[in-house]
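Atoms within a ligand are numbered from 1 in the order they appear, just like the ligands themselves.
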Amino acid sequence: MTELAAVSVTALKGVGAALAEKLAKVGLENLQDVLFHLPLRYQDRTRIVPIGALRPGQDAVVEGIVAGADVVMGRRRSLLVRLQDGSGTLSLRFYHFSHAQKEGLKRGTQVRCYGEVRPGSSGLEIYHPEYRALCGSEPIAVEQTLTPIYPTTEGLTQQRLRQLSEQTLARLGPHSLPDWLPRELADAYQLSPLDQAIRYLHRPPPDADLEELAEGRHWAQHRLAFEELLTHQLSLQRLRESVRAQQAPAMPLAKTLPQQYLANLGFAPTGAQQRVGAEIAYDLSQSEPMLRLVQGDVGAGKTVVAAFAALQALEAGYQVALMAPTEILAEQHFINFSKWLAPLGLEVAWLAGKLKGKARASALAQIASGTPMVVGTHALFQDEVRFAKLALVIIDEQHRFGVQQRLALRQKGIGGRMCPHQLIMTATPIPRTLAMSAYADLDTSVLDELPPGRTPVNTLVIADSRRLEVVERVRLACNEGRQAYWVCTLIEESEELTCQAAETTFTDLTAALGGLNVGLIHGRMKPAEKAAVMAQFKQGQLQLLVATTVIEVGVDVPNASLMIIENPERLGLAQLHQLRGRVGRGSAASHCLLLYHAPLSQLGRQRLAIMRETCDGFIIAEKDLELRGPGEMLGTRQTGLLQFKVADLMRDADLLPSVRDAAQTLLEHWPQHASPLLERWLRHGQQYGQV
Ligand code: ADP
Ligand code: MG
């Protein structure tokens with residue numbers, strides 16, 4: 001029998017070019033796709049529920065005799081049909097109905113209907129049920145299985161999708177859909193055969209546990225989630241292997257530059273910085289490319305660690321690229337590295353997307369001719385950027401880049417042959433279980449110590465009805481020589497509205513705080529304007545900075561010790577933590593006021609309470625994960641990183657250790673199964689290992 005993956009959907013009855021096009025929109029091109037297009041939920045049309053046993057909210061099949069059908073006037077004209085079955089009375093209500101419909105529902109007609117039961121003005125009601133009049137003599141069968149409801153797109157009906165899956169299921173067997181999990185593995189982890197799991201999920205029997213299915217805890221879902229996670233693991237491992245097989249420049253430990261750097265730095269590295277620094281230094285001395293993730297809470301001092309890594313490459317005569325996700329952050333790095341490297345006689349080049357014309361051409365020329373240190377945004381990924389002798393790529397705040405982008409820079413090594421070492425720094429503390437899965441291709445170092453002299457930020461949760469008091473507090477702090485941030489959060493995902501709100505707040509606060517110098521920074525300003533405002537704030541010419549979340553990462557002004565965050569309930573905890581990390585960087589006691597808009601939901605209250613109770617990014621990440629689930633915590637920024645069809649990292653976290661072991665075993669004993677699995681689950685350029 002042909003493998004279903006090799007059969008186009010057009011082989012199914014009723015599928016022509018037009019329908020095939022619609023199917024392609026939901027990712028259905030071949031019959032294997034149809035099988036992996038799993039229902040979102042199910043309806044139970046397998047039994048007739050007595051009217052007396054109906055509960056509001058339930059979707060049910062009901063059968064009864066029409067006791068009366070009247071057009072009633074109410075707020076809107078409707079047809080109200082009363083149905084009785086001996087156990088009770090149910091009303092069917094139609095707001096749109098034809099004369100023929102009304103005639104067909106005459107008193108005494110036997111009707112079978114399906115719909116959602118709701119409490120109505122006349123007892124339980126179903127609005128616009130699906131229904132059919134029964135002609136008496138012959139009993140009509142109920143459905144034999146639960147009814148699947150598939151994800152769909154416009155113009156593609158559930159009925160059509162059901163027909164297609166029906167036809168495909170008829171062709172399903174162990175040969176048409178090979179099971180790439182060998183029997184031994186499946187037995188060891190108690191996984192059922194693939195075709196059984198697929199069949200079950202498309203057509204669950206009447207006694208299936210709907211609750212288990214809804215929560216994704218069913219054995220059939222487990223079977224598929226396991227395979228999907230395993231495949232994800234394989235792809236990252238394969239990626240890792242493909243990188244490890246390449247050559248990177250081995251760079252000896254640096255002696256001179258780090259000493260000079262330390263002498264000018266003004267502080268000594270923490271123990272954690274030294275330890276992580278040594279781990280990196282060792283990696284860099286090897287000819288295998290380094291792939292290392294440094295996790296360190298906000299303010300832990302990752303930049304210094306990056307600088308030491310850079311110095312090792314620079315002393316060996318190579319080039320280093322440092323990339324940050326936003327222009328503000330990249331610019332701060334550019335300023336820091338210029339300051340640090342100038343006394344060492346090393347030049348720093350700058351490249352960002354907004355750099356145009358001559359400036360851009362000259363930056364590209366600098367990079368191509370071998371300027372030692374290059375700092376920029378993801379503009380550094382672009383094809384036209386050619387490095388002369390790139391040996392180390394440093395990516396800051398990795399959570400904004402996906403796997404694909406990580407890969408793009410790896411290919412910019414010397415002459416495209418040598419692979420650069422790679423250092424990734426993130427302040428988004430990722431719970432261990434997730435890190436294992438999301439970063440299986442990386443080694444990890446943790447900066448688990450803050451520089452000395454930091455005082456934890458005191459966080460208060462305050463209703464915005466007390467705004468005036470808060471403004472006074474800002475005035476007091478600034479009059480005492482301190483500086484403050486006032487952060488306006490995202491409005492309905494619209495950057496433009498958010499920037500407008502920041503402008504309004506800026507005007508209001510400038511008026512309210514006459515005598516203080518207030519600045520404004522938001523994403524719609526020109527880079528040069530932003531840089532000028534940041535510089536003024538850094539130098540203390542501005543006392544209050546009104547900002548959008550553009551200041552979320554990297555901004556470093558130690559004298560700022562007060563932060564107001566408006567509508568903190570709109571942000572994720574990780575993001576709040578990042579923002580709050582802008583204060584508490586100097587020796588003065590710092591405060592963060594979370595100015596929420598009442599009423600808060602229960603979840604909202606819980607979340608803000610976590611912020612008040614702890615400043616530890618790892619605890620916050622764990623709690624955030626518990627409350628919201630991983631997709632949301634990591635946000636859409638994680639594109640390409642954590643998107644699964646069946647699996648859910650939070651729900652299936654307990655599977656991850658077995659998945660890792662299973663991936664290992666599979667690679668050892670059945671390596672030839674890896675490619676078909678990748679083929680099945682990761683399509684169209686998602687196959688990390690094949691770049
Ligand atoms: P992050 O890990 O959030 O990127 P940064 O690298 O921006 O942190 O460092 C935060 C601040 O701490 C900076 O002002 C930096 O100069 C300072 N810093 C870093 N390491 C030390 C240290 N060992 N001792 C004192 N201050 C330090
Ligand atoms: Mg940083």
Side-chain angles (χ1 to χ4, degrees), residues 258 261-280 292-311 322-341 375-377 394-401 423-430 444-457 483 485 534-535 537-540 549-561 563 574-588 590 592 615-618 620-621 637:
Y261 171 63
L262 266 178
N264 298 336
L265 189 59
F267 51 75
T270 62
Q273 282 169 326
Q274 287 177 24
R275 177 175 45 78
V276 173
E279 286 166 1
I280 297 168
R292 187 169 287 278
L293 176 75
V294 173
Q295 280 195 52
D297 210 342
V298 181
K302 293 183 288 294
T303 320
V304 170
V305 171
F308 278 110
L311 292 174
L322 167 58
M323 186 175 49
T326 68
E327 215 159 307
I328 291 194
L329 180 52
E331 212 153 61
Q332 290 227 340
H333 283 317
F334 177 66
I335 292 168
N336 276 329
F337 275 81
S338 301
K339 186 179 75 191
W340 289 335
L341 297 185
V375 179
T377 59
I394 303 171
I395 303 181
D396 195 10
E397 308 294 356
Q398 134 79 13
H399 65 290
R400 297 210 171 189
F401 298 108
L423 179 64
I424 292 154
M425 304 192 294
T426 177
T428 310
I430 296 177
T444 311
S445 298
V446 182
L447 266 186
D448 50 6
E449 181 187 351
L450 292 181
R454 299 279 172 80
T455 43
V457 180
Q483 288 172 284
Y485 297 99
M534 273 324 294
F537 189 62
K538 202 155 187 167
Q539 287 155 20
T549 52
V550 293
I551 59 154
E552 178 189 338
V553 287
V555 170
D556 184 32
V557 180
N559 190 48
S561 62
M563 173 173 279
Q575 207 182 356
L576 280 173
H577 179 64
Q578 287 275 344
L579 276 171
R580 182 172 61 180
R582 301 311 110 208
V583 292
R585 298 185 154 233
S587 47
S590 291
C592 178
C615 285
D616 182 321
F618 278 90
I620 290 173
R637 296 164 185 171

Handout entry: Worked check of side-chain contact (heavy atoms from CB on, under 4.5 Å) between Leu447 and Asp297
Key = CA-CA 7 Å; Leu447 266 186; Asp297 210 342; over 6 Å; no
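- A side-chain donor-acceptor contact under 3.5 Å links Ser445 and Glu279.
- Near Pro269, the atoms of ligand 1 lying under 4.0 angstrom from a non-hydrogen atom of the residue are 23 (N).
- Applying the 4.0 Å criterion to heavy atoms of Val298 picks out, from ligand 1, the atoms 3 (O).
- Every atom of ligand 1 with a heavy atom of Thr270 under 4.0 Å away is listed here by number and element: 23 (N).
- Between Asp396 and Lys302 there is no salt bridge, since no side-chain nitrogen of the basic residue lies less than 4.0 Å from a carboxylate oxygen of the acidic one.
- A heavy-atom distance below 4.5 Å is found between the side chains of Ile280 and Val305.
- Scanning for ring-ring contact (aromatic ring centres under 6.0 Å, His included) contacts around Tyr261 gives Phe308, Trp340, with sequence neighbours left out.
- A heavy-atom separation below 4.0 Å is not found between Ala306 and ligand 1.
- Of the N or O atoms in Pro452, none lie within a sub-3.5 Å distance of an N or O in ligand 1.
- Residues Leu322 and Phe334 form no side-chain contact, since every pair of their non-hydrogen atoms from C-beta on lies 4.5 Å or further apart.
- In summary, the atoms of ligand 1 found under 4.0 Å from a heavy atom of Thr303, numbered by their order in the structure, are 4 (O), 5 (P), 6 (O), 7 (O).
- Between Pro558 and ligand 1 there is no heavy-atom distance shorter than 4.0 Å.
- Under a 4.0 Å heavy-atom criterion, Ala300 is in contact with ligand 1.
- With a 4.0 Å heavy-atom cut-off, ligand 1 is reached by the side chain of Gln273 but not by its N, CA, C or O.
- Residue-ligand proximity, Ala268 to ligand 1, at heavy-atom distances under 4.0 Å covers atoms 22 (C), 23 (N), 24 (N).
- Residue Lys302 approaches ligand 1 through these ligand atoms, each under 4.0 Å from one of its heavy atoms: 1 (P), 2 (O), 3 (O), 4 (O), 6 (O), 8 (O).
- For ligand 1, the polar-atom distance check finds no N/O of Pro451 at less than 3.5 Å from any of the ligand's N/O atoms.
- Judged as a salt bridge (charged side-chain N to carboxylate O under 4.0 Å, His left out), and not counting sequence neighbours, the contacts of Asp448 are Arg275.
- Contact check for Arg292 versus Thr444: no side-chain heavy atoms found under the 4.5 Å cut-off.
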